[in-house]
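The structure under discussion appears below in the form of structure tokens.
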Amino acid sequence: MENSEKSKSNFIRDIIDNDIMEGKNNGRVHTRFPPEPNGHLHIGHAKAILVNYKIAQDYHGKFNLRFDDTNPLKEDEEYVNAIIKDIKWLGCDWEDRLFFASDYFEQMYNYAVQLIKAGKAYVDSQTAEEIKQNRGTVTKPGINSPYRNRSVEENLDLFEKMKNGEYTDGEHVLRGKIDMASANMLMRDPLMYRIRHDHHHRTKGKWCIYPMYDWAHGLEDSLEGITHSLCSLEFQTHRPLYDWFLLELGIHKPQQIEFARLNLNYTVMSKRKLLRLIEENIVFGWDDPRLPTIAGLRRRGFTPESIHSFIDEVGVAKAHSIVDYARLEHSVREHLNKITQRRMVVIDPLKVVIENYPAEKNEVLDAVNNPEDETAGSRKVPFSRELYIEQSDFMEDPPNKYYRLTVGREVRLRYAYFIKCNKVIKDSDGNIVELRCTYDPASKGGKSPDGRKVKSTLHWVDAQKAISAEIRMYEHLFTAPDPESDEGSFTDNINPNSITVQKKCKLEPSLNKAKPGERYQFERKGYFFVDDDSAENNLIFNRTVTLRDNWKRILKQNKRHKNI
RNA sequence: UGGGCCGUCGACAAGCGGUAAGUCACAUGGUUUUGGUCCAUGCAUUCAGGGGUUCGAAUCCUCUCGGCCCAACCA
């Protein structure tokens, strides 16, 4: 992937510019992406990853990948591997700095002991319910725990026994001793450790006490020498606590900076809802091309480059926002337009017989591979008496401004000839099943022989030489722009047309060897990606995105005018 | 209504006291063998609202309104 110019400026980069000017951290910049391995990554995570990664890159700093695996109940190695795969695909390189919070457990334990010795932490033996009750509310101060004034010796002894597994889950916790009356709920003696006799995906059964996020996260950042710890907005109230632990310990304190998460309309981003879509079989899995997961986008045919440019365009700020899905589509189209070879594919075939074309004749015509890229060259496409065109490219009774084929009208078959439709053949139900046309031999190559104009150019496929394939076309998963808004019933807004499968597509034969992972533009139809399940005799394409469609817009306008 | 944060075009988002960038969307023209691409043009007399400071305010002060986050032994 080419490393394009520096990303747009934003408030975080302003802070960093300033830090560098002041010589903070000796001008060093070090960021990280700290996922919890308890789910799959989505486009929202891609923002977090890329914001961190690009800052490191642009400031000649470093970027770490660190799994924040402090809760054995939820985490699994399966997710670790999936996350690594996704970040690699995005093109972000952590070099040799792949870390796990669980690797720091010993160190964290020692820091906790240090805090206990300083009288800044204590073992609380209240029940979870008591702790909750005594925490107070946002308008009412909390009450000190009866165990708050245990001696350092007793705390040390208890904490060690906690570590040694002498207590059951929930019997004790370690808490920071801060201020139960703080207006900031998080400062009301935050929990640092809880007892959990559980199997951890890496440390196995070694530990039975596990650090809580607020205690662990700053330590992880500090230990790795992170300079700027970027996170999402909801951690703003955690910042004083992040700072408190590191200040009390007297160790390196990175600067936590919060920015808004990415939200996209017509989709959902929360782990819970994504999981529900999968569990209720509304989609096929984490890599369903309709999902905003990295795996889904990859399978849909998005390129890493297009995700980079999307994230960069959308920017970084502190205001909550919902970005138009159209911007993501714009980013892929922009990239795919440049890199993709064109092919002719008929998705909904309609047979065309060219009556004045000899039955036994075959021709091979030249077709340009990519008008945006001369070096892409050209290919050959076969032509003969019987062809397929798109059903939607013929109308018996066309509306205003319909430029395509109709009886008595002449159009161009791309790279081939001008044809004129003479007759429509229907089945007993009145469905159009075949068109009878004539061609102008002088228009070979699609060039107008005498300067006469045709209003449109159609794509087509030779009926004899065509190959078949399955094409899967996707639309928004939801019909409502903000399916997250009404909690609980978000599945009411599922788009029944989110996937359309067409199995009888006719493709030009050059697509015969299309391999999984390849991308093409099917002329006039969109950009398509060869699905992972595709094979030489069972071709499957996913539509990444349609082309911009001016005709659709005209139709919409017509409809609007009729309604008025 | 305890604390923290946010409010600039339909959607994002620059702007940091000198008179509202850019992108997407939308609209209109042009080019075109993809109704694609490309090109051109239009699209906030106004920055949630009021008051104040100033020669000058989206930017500073102040009040009001609206939205989000915090009371998991989750991250």
Side-chain angles (χ1 to χ4, degrees), chain A residues 8-10 14 34-36 38 68-71 73-75 124 127-128 131-133 135-142 169-175 181-188 191-196 209-210 212-214 216-217 231-240 258 260 262 265 271 310 312-331 333-334 337-338 342 344 367-368 371-372 401-404 412-416 418 443 445-448 454-459 481 521-526 546-554:
Chain A
K8 290 204 298 193
S9 181
N10 57 53
D14 291 345
E36 182 186 16
N38 71 341
D68 203 3
D69 54 351
T70 58
N71 186 355
L73 245 43
K74 296 181 163 186
E75 295 145 10
D124 193 356
T127 63
I131 288 174
K132 189 178 175 175
Q133 288 304 318
R135 187 146 35 213
T137 69
V138 289
T139 51
K140 206 179 76 193
D169 291 9
E171 228 178 317
H172 306 283
V173 290
L174 186 72
R175 291 234 246 174
S182 172
N184 182 346
M185 296 293 295
L186 290 153
M187 299 297 272
R188 324 246 261 225
L191 271 63
M192 295 163 62
Y193 277 97
R194 77 286 217 188
I195 299 170
R196 255 184 185 29
I209 55 171
Y210 290 93
M212 301 285 292
Y213 169 84
D214 286 304
H217 205 85
C231 61
S232 47
L233 254 25
E234 67 267 32
F235 291 101
Q236 283 173 133
T237 46
H238 294 245
R239 195 183 338 120
E258 312 86 10
L262 172 71
N265 57 190
K271 258 174 206 167
F310 167 70
D312 203 44
E313 283 298 316
V314 142
V316 179
K318 291 182 82 166
H320 294 282
S321 59
I322 301 173
V323 175
D324 278 346
Y325 193 87
R327 295 190 73 138
L328 220 206
E329 294 185 325
H330 173 260
S331 291
R333 285 195 186 108
E334 191 178 43
N337 177 49
K338 285 194 195 111
R342 318 277 122 132
M344 291 200 285
V368 173
E372 306 290 318
K401 288 187 180 166
Y402 184 85
Y403 300 152
R404 280 110 95 148
R412 171 167 39 231
L413 293 181
R414 183 149 225 224
Y415 302 123
F418 282 17
S443 63
K447 286 177 201 69
S448 120
V454 288
K455 287 268 226 169
S456 74
T457 301
L458 310 184
H459 64 281
Q521 183 198 100
F522 294 169
E523 297 225 20
R524 305 208 300 136
K525 284 287 149 189
T546 62
L547 258 28
R548 282 178 82 218
D549 190 348
N550 209 248
W551 171 236
K552 222 176 231 169
R553 236 174 284 165
I554 292 167

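Every chain is numbered from 1, with letters handed out A, B, ... down the list of sequences.
- Here A:Arg548 lies in heavy-atom contact (under 4.0 Å) with sugar-phosphate atoms only.
- The distance between atom CZ of A:Phe235 and atom C1' of B:rC69, rounded to the nearest whole Å, is 11 Å.
- When the P atom of B:rG36 is taken as reference, atom CG of A:Leu547 falls 8 Å away, rounded to whole Å.
- Across all strands shown, A:Pro371 has heavy atoms under 4.0 Å from base atoms, whether or not it also approaches the sugar-phosphate.
- Atom CD of A:Gln236 and atom C1' of B:rC70 are 11 Å apart (whole Å).
- Residue A:Arg414 is in base contact, counting any heavy-atom pair closer than 4.0 Å across all strands shown.
- At a threshold of 4.0 angstrom between heavy atoms, the contacts of A:Thr70 are confined to the sugar-phosphate backbone, with no base atom among them.
- Residue-level contact check: A:Asp14 touches the bases, meaning some heavy atom is under 4.0 Å from a base atom.
- By the stacking rule of 5.5 Å between ring centres and under 30° between planes, A:Trp551 stacks on the base of B:rG35.
- Each of A:Arg524, A:Lys525, A:Arg414, A:Glu523 was checked for a side chain to side chain donor-acceptor pair (under 3.5 Å) with A:His459, and the lone residue meeting it is A:Arg524.
- A:Tyr213 and A:Phe235 have tilted rings, their planes meeting at an angle from 30° to 60° on a 0 to 90° scale.
- Using a 4.0 Å heavy-atom criterion, one finds that A:Val454 contacts no nucleic acid atom at all.
- Residues A:Leu328 and A:Phe310 are in side-chain contact: their nearest non-hydrogen atoms beyond the backbone lie under 4.5 Å apart.
- A 3.5 Å limit on both hydrogen-bonding distances identifies no Watson-Crick or G-U partner for B:rU54.
- Across all strands shown, A:Ala317 has heavy atoms under 4.0 Å from sugar-phosphate atoms exclusively, and none from any base.
- The backbone N or O of A:Gly170 lies less than 3.5 Å from no partner atom in the side chain of A:Arg194, so there is not a single donor-acceptor pair.
- Shown here, B:rU41 forms a base pair with B:rA27; the pair counts as Watson-Crick or G-U wobble because both key distances fall under 3.5 Å.
- Proximity of A:Tyr415 to A:Val368: side-chain heavy atoms (C-beta onward) are separated by under 4.5 Å at one or more points.
- Here A:His217 lies out of heavy-atom contact (under 4.0 Å) with every strand.
- To the nearest angstrom, P of B:rG10 lies 24 Å from OH of A:Tyr325.
- When heavy atoms are screened at a 4.0 angstrom cut-off, A:Glu36 is found touching the sugar-phosphate backbone but no base atom.
- Distances shorter than 4.0 Å separate none of the side-chain N or O atoms of A:Arg327 from OP1 or OP2 on B:rU23.
- Within the nucleic acid shown, A:Ile322 comes within 4.0 Å of sugar-phosphate atoms alone, with no base atom in reach, counting heavy atoms only.
- Put simply, A:Arg196 has a side-chain N or O that comes within less than 4.0 Å of OP1 or OP2 on B:rC74.
- Of all nucleotides present, only B:rC6 satisfies the Watson-Crick or G-U wobble test against B:rG66, with each distance under 3.5 Å.
- Checking A:Lys552 against A:Asn184, the closest nucleotide of RNA chain B that is more toward the 5' end is the one next to A:Asn184.
- Here B:rC70 presents its C1' atom at 14 Å from NZ of A:Lys132, a figure rounded to the nearest Å.
- Anti is the classification of B:rA14, since its glycosidic angle lies more than 90° from 0.
- Of the possible polar contacts, none joining the A:Arg333 side chain to the A:Gly526 backbone as a donor-acceptor pair under 3.5 Å is found.
- Residue-level contact check: A:Tyr415 touches the bases, meaning some heavy atom is under 4.0 Å from a base atom.
- If you check B:rC12 for Watson-Crick or wobble pairing at under 3.5 angstrom, you find it paired to B:rG22.
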